[in-house]
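The figures that follow rest on heavy atoms only: side chains count, while hydrogens, waters and symmetry mates do not.
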Amino acid sequence: MAAGTGPGGAFAGRRVLLVGVGGIGTAVAERLAAAGARLVGTHHGAGDTAAAVAARLPDGSWAGAVRLDVTDPADVERVAGTGGLAPTLLGGLDTLVVTTGHRHPLRLLTDTDDATVGDILDTELRGPMLLVRAVLPGMLAAGFGRIVVIGSDSGRAGTLGDAVSSAARAGLGGLARSVARETARSDVTINVVSPGPTDTPLLAGMLADDGLTGTVMAGTVRAVPKGRPARTAEVAAAVAHLASADAGFTTGQVLSVSGGLTM
Ligand SMILES: NC(=O)c1ccc[n+]([C@@H]2O[C@H](COP(=O)([O-])OP(=O)(O)OC[C@H]3O[C@@H](n4cnc5c(N)ncnc54)[C@H](O)[C@@H]3O)[C@@H](O)[C@H]2O)c1
């Protein structure tokens, strides 16, 4: 077994709430569990693979899957708050990884209705913000915590037809920078990992579209200097670094893992 992996690995004793076990979330679960972490994963609707992923992880690393809708503040508190389901299942909580995203076709802002605007902002900005607020008291009381939110390079560069999501992702940077200041005197950090196109069912579905969505996404993949989408394990590696105990001096950052798409 490689150094830093398994029950005695770099994440031994760590207790992780992983919100969203989709394409990227699955790779995060595998990476952290292989390094010794114990996880609670959340599921919400179609495309979630929490049960299948749990079966592949090392014995003892999966503490359970819980249903969570991040658009519902009471649900967030029920799962992630002090005394909530996740800290109870894990015997505490020192790490939060949020991967929530909204599967939606790209559409010009002028063609986007109020309900869609609200839905995307709730899932990609307000939900992660509520989660961060819910876990912070416990982390600050314990004197240690790692928060990593998955954003998107659309928050840096913008994407044609994705104005609302891009605004939400840019907002995650502001959230991280502000909370990093609020927590700076403790060993609690918060960072954003910002992928470009990443090889997941989400991307495959967008590329298969024969309208604006497929055209824009194919162009975005072509624009990646490294010439291909990220592998989910490459995004998970960045999450693992920022969630590691060693990364305590890195906070309030947005780290692009996009093959140079934005620099
Ligand atoms: N795959 C890519 O090419 C790519 C590129 C850049 C950014 N991202 C972002 O990375 C994140 C993960 O992407 P992915 O490819 O794994 O997508 P995915 O669709 O597989 O995962 C998204 C997860 O969010 C969960 N989710 C959605 N709405 C929720 C809600 N209301 N409450 C709780 N959970 C909810 C889903 O159940 C799913 O587990 C997303 O934010 C996505 O936008 C992905």
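Residues satisfying the side chain to side chain contact (heavy atoms under 4.5 Å, CB included) criterion with Arg231, sequence neighbours excluded, are Arg228, Glu234.
Residues Val239 and Ile24 fall within the same hydrophobic cluster, defined by Ile, Leu, Val, Met, Phe, Trp and Tyr side chains chained together at heavy-atom separations under 4.5 Å. At a threshold of 4.5 Å between side-chain heavy atoms, the hydrophobic network of Ile, Leu, Val, Met, Phe, Trp and Tyr places Val21 and Leu203 in two separate groups. Both Leu93 and Val70 belong to a single network of hydrophobic side chains, linked directly or stepwise wherever heavy atoms of I, L, V, M, F, W or Y lie under 4.5 Å apart. There is no path of hydrophobic side-chain contacts, each under 4.5 Å, that joins Val188 to Leu32. Cluster annotation: Leu68 and Leu121 are assigned to distinct hydrophobic clusters (Ile/Leu/Val/Met/Phe/Trp/Tyr, side-chain heavy-atom contacts under 4.5 Å, transitive).
A donor-acceptor distance shorter than 3.5 angstrom exists from the side chain of Arg14 to the backbone of Ala243, with no hydrogens or angles considered. Listed for the Arg38 side chain is no donor-acceptor partner under 3.5 Å among the backbone atoms of Leu90. Side chain of Ser152 to main chain of Gly155: no donor-acceptor pair is present (N/O by atom type, distance under 3.5 Å, no hydrogens or angles). In this structure, Thr99 contributes its side chain and Ile150 its backbone to no donor-acceptor pair below 3.5 Å. For the pair Arg31 (side chain) and Ala237 (backbone), a donor-acceptor distance under 3.5 Å is absent. Between the Thr198 side chain and the Thr200 main chain, no donor and acceptor come within less than 3.5 Å of each other. No donor-acceptor distance shorter than 3.5 angstrom exists from the side chain of Ser258 to the backbone of Pro195, with no hydrogens or angles considered. Between the side chain of Thr123 and the backbone N or O of Gly101, no donor-acceptor pair lies under 3.5 Å.
Other residues, nucleotides and ligands place more than 12 heavy atoms under 6.0 Å from the CG atom of Asp111. With a 6.0 Å radius and a threshold of 12 heavy atoms from other residues, nucleotides or ligands, Arg133 has its CZ atom at or below the threshold.
Taking NE2 of His43 as the start and CG of Leu18 as the end, the distance is 12.5 Å to the nearest 0.5 Å. Between the CG atom of Leu17 and the OG1 atom of Thr42 there is a distance of 6.5 Å, given to the nearest 0.5 Å. Interatomic distance, CG of Leu160 versus CG of Leu108, reported as 6.5 Å (0.5 Å rounding). Distance check, rounded to the nearest 0.5 Å: CZ of Arg181 to OG1 of Thr251 gives 10.0 Å. Note that CZ of Arg156 is 13.5 Å distant from CZ of Arg169, once rounded to the nearest 0.5 Å. From Gln253, atom CD reaches atom CG of Leu242 across 9.0 Å, with rounding to the nearest 0.5 Å.
In this structure the side chain of Arg15 never reaches within 4.5 angstrom of the side chain of Val40, judged on heavy atoms. No side-chain heavy atom of Met129 sits less than 4.5 Å from a side-chain heavy atom of Val132. Val66 is listed as a side-chain neighbour of Leu89, based on a closest heavy-atom distance under 4.5 Å. Looking at His104 and Asp162, their side chains come closer than 4.5 Å, going by heavy atoms from C-beta outward. Considering only heavy atoms from C-beta on, Ser256 stays 4.5 Å or farther from Met263 through its side chain.
Only one option out of Thr95, Asn191, Asp187, Asp94 pairs with Arg146 in a side chain to side chain donor-acceptor pair (under 3.5 Å); it is Asp187. Residue Ile147 forms a side chain to side chain contact (heavy atoms under 4.5 Å, CB included) with just one option from Leu131, Val97, Val135, and that option is Val135.
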Using atom types as modelled, flag every donor-acceptor pair under 3.5 Å from a side chain in residues 51-64 to any protein atom, sequence neighbours excluded.
residue: Arg56; atom: NE; partner: Glu30; partner atom: OE2; Å: 3.2
residue: Arg56; atom: NH2; partner: Glu30; partner atom: OE2; Å: 2.7
residue: Ser61; atom: OG; partner: Pro58; partner atom: O; Å: 2.6

Could you pull out every donor-acceptor pair under 3.5 Å between side chains of residues 210-225 and any protein atom, sequence neighbours left out?
residue: Thr213; atom: OG1; partner: Leu106; partner atom: N; Å: 2.8
residue: Thr215; atom: OG1; partner: Gly211; partner atom: O; Å: 3.0
residue: Thr220; atom: OG1; partner: Val216; partner atom: O; Å: 2.8

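Judged by distance alone, the side chains of Thr71 and Asp69 do bring a donor and an acceptor atom under 3.5 Å apart. Of the N and O atoms on the side chains of Thr116 and Asp113, at least one donor lies less than 3.5 Å from an acceptor on the other residue. Asp153 and Thr262 share a donor-acceptor pair across their side chains, judged by distance under 3.5 Å alone.
Thr159 approaches Ser154 most closely through the heavy-atom pair OG1-CB, 3.2 Å. Closest approach of Pro128 to Asp122, counting heavy atoms only: CD-O, 4.4 Å. The two residues Pro197 and Leu261 make their nearest non-hydrogen contact at CD-CD2, 3.8 Å. Between Ala176 and Ile190 the shortest heavy-atom distance is O-CG2, 3.5 Å. Listed here is the closest heavy atom pair of Leu140 and Ser186: CD2-OG, 3.5 Å. Considering every non-hydrogen atom in both Pro87 and Gly81, the closest pair reads CG-O, 3.4 Å.
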Notebook entry, point to check: Are Leu172 and Leu125 close enough, and set up right, to give a side chain to side chain contact (heavy atoms under 4.5 Å, CB included), and what steps lead you there?
Noted result: CA-CA 6 Å; Leu172 292 176; Leu125 180 59; 3.9 Å; yes
Next item on the list: List the steps and the verdict of side chain to side chain contact (heavy atoms under 4.5 Å, CB included) for Val164 and Leu109.
Entry: CA-CA 8 Å; Val164 183; Leu109 184 61; 3.9 Å; yes
Next item on the list: Go through the steps for Arg67 and Val79 under the test side chain to side chain contact (heavy atoms under 4.5 Å, CB included), then give the verdict.
Entry: CA-CA 8 Å; Arg67 199 184 179 291; Val79 171; over 6 Å; no
